[in-house]
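Quick notes on the structure that follows.
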Amino acid sequence: MSDSRIPTSYMTPGNSSFADFLAASAPDLLPSRRALAPGSAAELAPHGTTIVAVTFPGGVVMAGDRRATMGNVIAQRDIQKVFPADEYSCVGIAGTAGLAVEMVRLFQTELEHYEKIEGTTLSMDGKANRLAALIRQNLGMAMQGLAVVPLFAGFDLESGIGRIFSYDVTGGRYEETSFHSVGSGSMFARGALKKLYRPELDQEGAVTAVIQALYDAADDDSATGGPDLTRRIFPVVHIITADGGQRLPDDEVAAIADRVVGGRMQRPDGPYAELEGGTR
Amino acid sequence: MSMGFGGYVSPEQLMKDRADFARKGISRGRSVVGLQYADGLLFVSENPSAALHKVSEIYDRIAFAAVGRYNEFENLRIAGVRLADMRGYSYDRRDVTGRGLANAYAQTLGAIFSSGGEKPYEVELFVGEIGDTAAEDQLYRLTYDGQVADEHGYAVMGGAAEAVAGYLKDRYAEGAPLDEALRLAVAALGHSPGGNGTPGADRIIPVEDLEVAILDRTRTQPRKFSRFSPARLAEILGDRLAETAPAEGTDPAIAPGEVSGPDAGHDVGGEPPIAPPL
């Protein structure tokens, strides 16, 4: 830190938002304050792809595949796209990877800063709204092809349930029930979850469901990476319950992913869903 | 006083007046204890308010504690959180250091103290930072005029600082487990040495009036700060209160045997346990 007196702007009373503090004292650090040359910038940077989230009684699970693409090139095989936002929430990102990661860091700092200044955590809805505000500021860049579309999930300590929020590039915030998916492979993942999701799934069942859904996304979307069996790269899975959030250890994800892949060896399209009134 | 000399005030007198002013403000408040225990740093203060904190989190491994005027140290606390978050955001979390923060506070307090235009801050601060081992733990104490002291083992600031530090001096042992360190700090805060012929009467501070927080190396999250709830405090202190109340006056008996027991088991860095001074 600087060797001289703390700058006046740091000592001035303000609100509890770190983003607002940045806007006042170091606006160049805010992603939304950067000027872009006209035209599309979509092909300049890698894109992250599919994120899925599923609630289960007592918590929520979020998972993301590990691929980042630039056009038809795989830019990175082991990118992390699901991050803890604070102890009871996490955020997964689809869209322009660099901007998205920067936005996640800003969001993490924003939540922690509020918590330290106020001595209490934001409500689940408060956190979801702060994220919406950060995305809204990015609209100009989104219109030039640098969109960031996160999925936000967490455990609501007030109501005692896991909750999922999705967003659009204008900062629209939508609460989802049971499960949701964003990114290029999301329609396939959502289709899979429609057939696999049960409200009574336990934690392991929920993790299996998201890994099945990511498998289906990778099966039909070239920008989504499936389990990489040769390099042992598996989805990042984040679980949040009343005890807080944690990234599921790689060996546990690997065990479930191996089971899923084993099942697909027998039946490449995945498990059968029950057909009511039918024979199967 | 010095106004008698036609309005001239010598620099020495000016500084002395300002120091007296600050010291007087600080001595009105209750004390805060900062103490190293086996797994980190412990901060204990007597604070009947559950909302207005004297001990707070600054960053992953850094905590802040203060005595004096609330509005002034709250202002410094917020500046510290902003400074730390700004640095962590623009560089990396590992680049936020307690030393840097203590330095910024020292410069600020020093500049305010010696500038004629501003009233000196009536505050004293602790900036504590834990490392990977007890040997790397840092506890800085900053005074109203910007002086920094690098404290070892324990430190006390606030109204009854001398009495509390005196009590700790006789009983503090390095590498004590958390429960033991907490009981010692709470007993020290309640200690009154007496004087002028009156015997000291140690108080038992109710659990609701205690503010306790730790920087705990063993916490798995990157943020090592944690605040104790009254329930957890009661759990740790509950039996002690019943024990020490009658044992008053014989308290030096807690000394060597018991304190060095768990210390020996801990074996800090292969060094022989250090016996508390008698």
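Heavy atoms only: backbone and side chains are in, while hydrogens, waters and symmetry mates are out. In the text below, chain A, chain B and the rest are named by the order of the sequence lines, each starting its count at 1.
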Chain B contact via [X] - which portion, at a heavy-atom distance below 4.5 Å:
{"X": "A:Glu87", "result": "side chain"}
{"X": "A:Ser9", "result": "backbone"}
{"X": "A:Pro84", "result": "neither"}
{"X": "A:Glu110", "result": "neither"}

Salt bridge [X]-[Y], side-chain N to carboxylate O under 4.0 Å:
{"X": "B:Lys16", "Y": "B:Asp20", "value": "yes"}
{"X": "B:Arg94", "Y": "B:Asp92", "value": "yes"}
{"X": "B:Arg217", "Y": "B:Asp137", "value": "yes"}

Spell out the residues in residues 118-127 of chain B that have some non-hydrogen atom less than 4.5 Å away from a non-hydrogen atom of chain A, in order of number; otherwise answer 'none'. B:Glu118, B:Tyr121
Chain A-proximal positions within residues 44-59 of chain B [heavy-atom distance under 4.5 Å]: B:Glu57, B:Ile58, B:Tyr59
Are there more than 12 heavy atoms of other residues, nucleotides or ligands under 6.0 Å from atom [atom1] of [X]?
{"X": "B:Glu136", "atom1": "CD", "value": "yes"}
{"X": "A:Glu252", "atom1": "CD", "value": "yes"}
{"X": "A:Met70", "atom1": "CE", "value": "yes"}

Polar side chain donor-acceptor pair, A:Asp125 to A:Ser123, under 3.5 angstrom: no
Flag for A:Asn15-A:Ser17: side-chain donor and acceptor within less than 3.5 Å: no
Stacked cation flag B:Arg99 on B:Tyr140, 6.0 angstrom / 45 deg: no
Find the one option among A:Ile117, A:Thr120, A:Thr109 whose heavy-atom pairs under 4.5 Å with chain B are most numerous. A:Ile117
Top residue by heavy-atom pair count (under 4.5 Å) with chain B, among A:Gln108, A:Glu115, A:Glu112? A:Glu112
Does the side chain of A:His238 come within less than 4.5 Å of A:Val236's, by heavy atoms? no
With rounding to the nearest 0.5 Å, note down the distance linking OG1 in A:Thr49 to CG in A:Asp65. 3.5 Å
Kindly determine whether A:Arg105 and B:Tyr89 satisfy side chain to side chain donor-acceptor pair (under 3.5 Å), including the steps that lead there. CA-CA 7 Å; A:Arg105 288 190 64 208; B:Tyr89 181 68; over 6 Å; no
Quick check, are the ring centers of A:Phe83 and A:Phe107 under 6.0 angstrom apart? no
Is B:Arg223 close to chain A through its backbone or its side chain, or both, or neither, when contacts mean heavy atoms under 4.5 Å? side chain
